[in-house]
Engineer: 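Below you'll find the structure I mean.
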Amino acid sequence: GQSLEQPSEVTAVEGAIVQINCTYQTSGFYGLSWYQQHDGGAPTFLSYNALDGLEETGRFSSFLSRSDSYGYLLLQELQMKDSASYFCASCYNQGGKLIFGQGTELSVKP
Amino acid sequence: DGGITQSPKYLFRKEGQNVTLSCEQNLNHDAMYWYRQDPGQGLRLIYYSQIVNDFQKGDIAEGYSVSREKKESFPLTVTSAQKNPTAFYLCASSLRDRSERGAKNIQYFGAGTRLSVL
């Protein structure tokens, strides 16, 4: 079936830059989304890539390489409030359901 | 304010009991989704509906049932057939983005319902 792979946890210090990778299966792939979820909270949408390249939204950027079946989320100028779980999610048909990765728990240390 | 409302926030189920989780949205979204999240895990799709009076099974539909009689409502029933129902249940809705760069399918989530077994 369709699945996504991402690291289970990442640790970084305040002010640093961190990259969270995500690989996906290509059959029927349409686009890659990123969501943030704080402990006990609801996931919130961060970014989306349908085409190769970088999408920038403030301190967060997301990148996609369709030829490598790979994307990443880049978080710059890390703040303590960025400690959360980050999920990549793929669309496999236009407007259809999302398939979520297992999530990467980011811990930001002082 | 537009959004998705899930209720109750906490729910306890006795053995053999069916319980229903409520999900209401006033975003005028066509599509709605139910996910289950276990501790330290990702979101697994239970059911989804892209239009009123129609819904499809997700990856873990066994032991669950849904209805979509109104656009704004998508209740989930956890039946007694679901033997391990303890989890965090999230409801979401989406409006397809028809931009040139493709269908984003941005999903907006409710605050969730934590279900436990007594």
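Naming: A, B, ... by sequence-line order, numbering from 1 per chain.
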Engineer: Which heavy atom of A:K97 sits nearest to which heavy atom of B:Y33, and what is that distance?
Structural biologist: CA-CE2, 4.2 Å
Engineer: What are the two closest heavy atoms between A:F100 and B:L43, and how far apart are they?
Structural biologist: CB-O, 3.8 Å
Engineer: What do you reckon, is CD of A:E77 surrounded by more than 12 foreign heavy atoms closer than 6.0 Å?
Structural biologist: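 Check fails, neighbour count at 12 or below.
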Engineer: If you count heavy-atom pairs under 4.5 Å between each of A:S8, A:A89, A:G40, A:S33 and chain B, which one has the most?
Structural biologist: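 Maximum pair count with chain B is reached by A:G40.
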Engineer: Using the rule that two of Ile, Leu, Val, Met, Phe, Trp, Tyr join whenever any of their side-chain heavy atoms come within less than 4.5 Å, decide whether B:L115 and B:I60 are in one cluster.
Structural biologist: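 Yes; B:I60 is reachable from B:L115 via cluster members.
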Engineer: Given that the side chain runs from C-beta out, which part of B:Q6 has a heavy atom under 4.5 Å from chain A: side chain, backbone, both or neither?
Structural biologist: neither
Engineer: Non-hydrogen atoms of chain A under 4.5 Å away: do they reach the side chain of B:D30, the backbone, both or neither?
Structural biologist: neither
Engineer: Quick check: closest heavy atoms across B:G110 and A:A42, and the distance to 0.1 Å?
Structural biologist: O-CB, 3.0 Å
Engineer: Check whether B:R114 gets within reach of chain A through its side chain, its backbone, both or neither, counting any heavy atom under 4.5 Å.
Structural biologist: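 Looking at B:R114, just its side chain touches chain A.
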Engineer: Might you point out which heavy atoms bring B:Q107 and A:Y35 nearest each other, and give the distance in Å?
Structural biologist: N-OH, 2.8 Å
Engineer: Hey, mind stepping through A:L98 and B:Y35 against side chain to side chain contact (heavy atoms under 4.5 Å, CB included) and telling me if it holds?
Structural biologist: CA-CA 11 Å; A:L98 293 177; B:Y35 294 93; 4.2 Å; yes
Engineer: I'd like to know if A:L4 and A:V10 are part of one continuous hydrophobic network [Ile/Leu/Val/Met/Phe/Trp/Tyr, side-chain heavy atoms within less than 4.5 Å].
Structural biologist: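 Shared cluster, yes.
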Engineer: Should B:I106 and A:Y30 be regarded as members of a common hydrophobic cluster, given that ILVMFWY residues are connected when their side-chain heavy atoms come within less than 4.5 Å of each other, either directly or indirectly?
Structural biologist: yes
Engineer: Given a strict heavy-atom distance threshold of 4.5 Å, which part of A:Q37 is in contact with chain B: side chain, backbone, both, or neither?
Structural biologist: side chain
